[in-house]
Amino acid sequence: MAKIISGKEVSLAVKQEVADEVAQLKNEGIEPSLAVILVGNDPASKVYVNNKKKACDFCGIRSLEFLLGEETTQEELMELVERLNNDETVNGILCQLPLPKHLDEQAVLNAIKPQKDVDAFHPENVGHIMIGDYAMLPCTPSGIMEMFRYEGIELDGKNCVVIGRSNIVGKPMAMLMLKENATVTICHSHTENLKKIVSEADVVVAAVGIPKFVTADMIKDGAVVIDVGINRMEDGKLCGDVDYEACEKKASYITPVPGGVGPMTIATLMKNTVTAAKIQNKRGK
Ligand code: GUN
């Protein structure tokens, strides 16, 4: 039976640390603030944005929300980003993805000032991650690394497999594990022999967006299984990319959905916001 890595527990520890740091910064006259932009009516995105606001409240971070209609134009969105870039009271800017189809996502991400880019999606920040010299990391991979540290899971020399090659999770996840001296394989929809590759992994990170994609016959006895998937099923319940009930019997550690990686993403966003505030106030890297 696997040990369950509780995202609730680990994220609370991270948020508590952030809250302590925010309190200290406020004593010095610095109030970290985060601006979140949501365009359109995606129900899942609305839930995420609401959870971000709650986490800001917990940590003492000032939060600003910009809820824009589905019909928002590229120009309007770019203007808002520019205004927030120039607003000295705003430390972090996050534009919730995915954006409605008529908008150019990459153009928006490129427009966010790198020092305020708390998602670390700007090409300049992506470049820093490639080099291994960074101030901010993308929230989901960074949250997963926090889970490894919290549980004392050592990656050095380990065979780690990431399923999924997105810019948000798969690619940066691979870079972070590589920095910890793991041997990393990235699998995706064109990978041949995916099952064989996954079955040799000491650590599996599933970020494919397909419910129960990772089955028990795919994983090695004692593997660490991290589930990034959040899939809404027809009955309204959430389901990960991992067949949890079956894999839990074989894995050494496993993350549940919900209550696993999801809360970590938000906790590391809080951490990034404080880092951004410190950089902008010449208090950090
Ligand atoms: N949509 C899903 N995950 C993320 C994330 O980490 N950041 C942003 N901005 N949008 C997302």
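Order of appearance sets the numbers: ligands from 1, and atoms from 1 within every ligand.
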Answer yes if the side chains of Q280 and K116 hold a donor-acceptor pair under 3.5 Å, and no otherwise. no
Run down the list L269, I168, V118 and name the one with the heavy atom closest to atom 3 (N) of ligand 1.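 Result: the heavy atom closest to atom 3 (N) of ligand 1 is in I168.
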What atoms in ligand 1 come closer than 4.0 Å to a heavy atom of C95?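 Here the atoms of ligand 1 in question are 8 (C), 9 (N).
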Is there a heavy atom in F121 that sits closer than 4.0 Å to ligand 1?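 Per 4.0 Å heavy-atom rule, F121 contacts ligand 1.
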Can you tell me which residue and heavy atom of the protein come closest to [atom], and the distance to 0.1 Å?
| atom | value |
| --- | --- |
| atom 1 (N) of ligand 1 | L97 O, 2.9 Å |
| atom 11 (C) of ligand 1 | Q96 NE2, 3.5 Å |
| atom 6 (O) of ligand 1 | D119 OD1, 3.7 Å |

Do any side-chain atoms of residues 54-63 form donor-acceptor pairs under 3.5 angstrom with protein atoms, and if so which ones, sequence neighbours left out?
unit_1	atom_1	unit_2	atom_2	d
R62	NH2	T89	O	3.0
R62	NH2	T89	OG1	3.1

Thinking salt bridges, do K196 and E200 make one under a 4.0 Å N-O criterion?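 Counted as a salt bridge, because a side-chain N and a carboxylate O are separated by less than 4.0 Å.
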Between the side chains of E17 and K271, is the shortest nitrogen-to-carboxylate-oxygen separation below 4.0 Å, so that they form an ion pair?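 No.
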Report the residues that fulfil salt bridge (charged side-chain N to carboxylate O under 4.0 Å, His left out) with K237, sequence neighbours left out, ordered by chain and then residue number.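 Partners of K237 by the salt bridge (charged side-chain N to carboxylate O under 4.0 Å, His left out) criterion come out as none, since no residue qualifies.
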